[in-house]
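Working notes, structure below.
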Amino acid sequence: MHNIRIGQAVDIHQLQEGRKLILGGVEIEHSKGLLGHSDADVLVHTVGESILGALALGDLGKHFPDTDPKYKGANSLDLLAHIYEMMNEMGYQIGNVDATILAERPKMAPHIMAMRKNIAAVLHCDMEDISIKATRGEKLGFVGNEEGIVSLSVCILEKKR
């Protein structure tokens, strides 16, 4: 049994008018939201999938398939809570999470503390264990052209003492 495990994840969702923009469980005022089967919270998806990766349990789609109607419109924080339970049952806890959001607009800085608080609460860890950063696409590619948002996450899990 390993004492420390690491996982990483990347997720991309298309921006579309008529959808809510939810990142880190925070609804952010914007003209477009992310397209997806669930609430399409790309940040929470990568945090959860990085934990699944660290546990060698596959990807998000394996556990919450977009073909299953019960996940239609699902709150991604609820999915993360389920992942937390799997992690807890396997005897691990969060060491730390480091995530980056790539979005041209809107500005993420005013929302990052609330995102950290939401994720830390679901993962039963300190806010200091959750790092969230954001950067722009600088008008380059699909991020810069405001066609989509990307998130990347890495986590370290520690065996519970």
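Reckoned from all heavy atoms, side chains included, excluding hydrogens, waters and symmetry mates. Counting begins at 1 with the first residue of the sequence.
- Taking H124 as the reference, Y84 meet the ring-ring contact (aromatic ring centres under 6.0 Å, His included) condition, with sequence neighbours excluded.
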Under the side chain to side chain contact (heavy atoms under 4.5 Å, CB included) criterion, do V150 and V143 qualify, and how do the steps go?
CA-CA 7 Å; V150 178; V143 171; 3.8 Å; yes
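- With contacts defined as side-chain heavy-atom distances shorter than 4.5 Å, the pair D78/V122 does not qualify.
- The two residues A103 and M108 make their nearest non-hydrogen contact at CB-CE, 4.1 Å.
- The line from CG of L157 to CD1 of I4 is 10.0 Å long, rounded to the nearest 0.5 Å.
- Closest approach of L80 and V47 over heavy atoms only: CD1-CG1, 4.2 Å.
- Considering only heavy atoms from C-beta on, D129 stays 4.5 Å or farther from V97 through its side chain.
- A salt bridge is defined here as a Lys NZ or Arg NE, NH1 or NH2 lying under 4.0 Å from an Asp or Glu carboxylate O, and D98 with K133 meets this definition.
- Put simply, CG on L57 and CD1 on I83 are 9.5 Å apart, with the number rounded to the nearest 0.5 Å.
- Residues I101 and I112 have side chains not in contact (no heavy-atom distance under 4.5 Å, counting atoms from C-beta outward).
- By the ring-ring contact (aromatic ring centres under 6.0 Å, His included) test, Y71 pairs with F64, sequence neighbours left out.
- Pairing each heavy atom of R116 with each of M127, the nearest pair is NH2-O, 2.8 Å.
- Annotation for E29: atom CD does not count as buried by contact number, only 12 or fewer foreign heavy atoms lying within 6.0 Å.
- The stretch residues 41-64 participates, sequence neighbours left out, in these side-chain hydrogen bond (donor to acceptor under 3.5 Å, both in side chains) pairs: D11-H45, H13-H45, S38-H45, H45-S76, T46-S151, T46-S153.
- Residue V10 is not grouped with residue V42 when hydrophobic side chains (ILVMFWY) are merged at heavy-atom distances under 4.5 angstrom, including chains of intermediate members.
- The shortest distance between side-chain heavy atoms of I22 and I28 does not fall below 4.5 Å.
- Using a 4.5 Å cut-off on side-chain heavy atoms (C-beta onward), L21 and L34 make contact.
- Contact of the I94 side chain with the M87 side chain is registered, since non-hydrogen atoms from C-beta on lie closer than 4.5 Å.
- The distance from the CG atom of L43 to the CG atom of N118 is 10.0 Å, given to the nearest 0.5 Å.
- Minimum heavy-atom separation, L79 to A74: CD2-CB, 4.3 Å.
- Open room surrounds CE on M113; 12 or fewer heavy atoms of other groups in view lie less than 6.0 Å from it.
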Would you please test I149 and L102 for side chain to side chain contact (heavy atoms under 4.5 Å, CB included) and show each step?
CA-CA 6 Å; I149 293 179; L102 289 81; 5.9 Å; no
Which is it for Y92 and I51 under the side chain to side chain contact (heavy atoms under 4.5 Å, CB included) test, yes or no, and what are the steps along the way?
CA-CA 10 Å; Y92 286 91; I51 295 168; over 6 Å; no
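- Of all non-hydrogen atoms in V26 and A114, the two that sit nearest each other are CG2-CB, 3.7 Å.
- Put simply, CD on E158 and CZ on R5 are 13.5 Å apart, with the number rounded to the nearest 0.5 Å.
- Counting heavy atoms from C-beta on, the side chains of L15 and E147 never come closer than 4.5 Å.
- Each of I156 and L123 belongs to its own hydrophobic cluster when Ile, Leu, Val, Met, Phe, Trp and Tyr are linked at side-chain heavy-atom distances under 4.5 angstrom.
- R19 places no side-chain N or O within 3.5 Å of a backbone atom of G33 that could act as its donor or acceptor partner.
- Contact check on K32 versus E146 returns no salt bridge, with no Lys/Arg side-chain nitrogen under 4.0 Å from an Asp/Glu carboxylate oxygen.
- Contact between N145 and K139 at its shortest, heavy atoms only, is OD1-O, 3.8 Å.
- Side chains of I132 and I119 form a contact here, defined as non-hydrogen atoms less than 4.5 Å apart.
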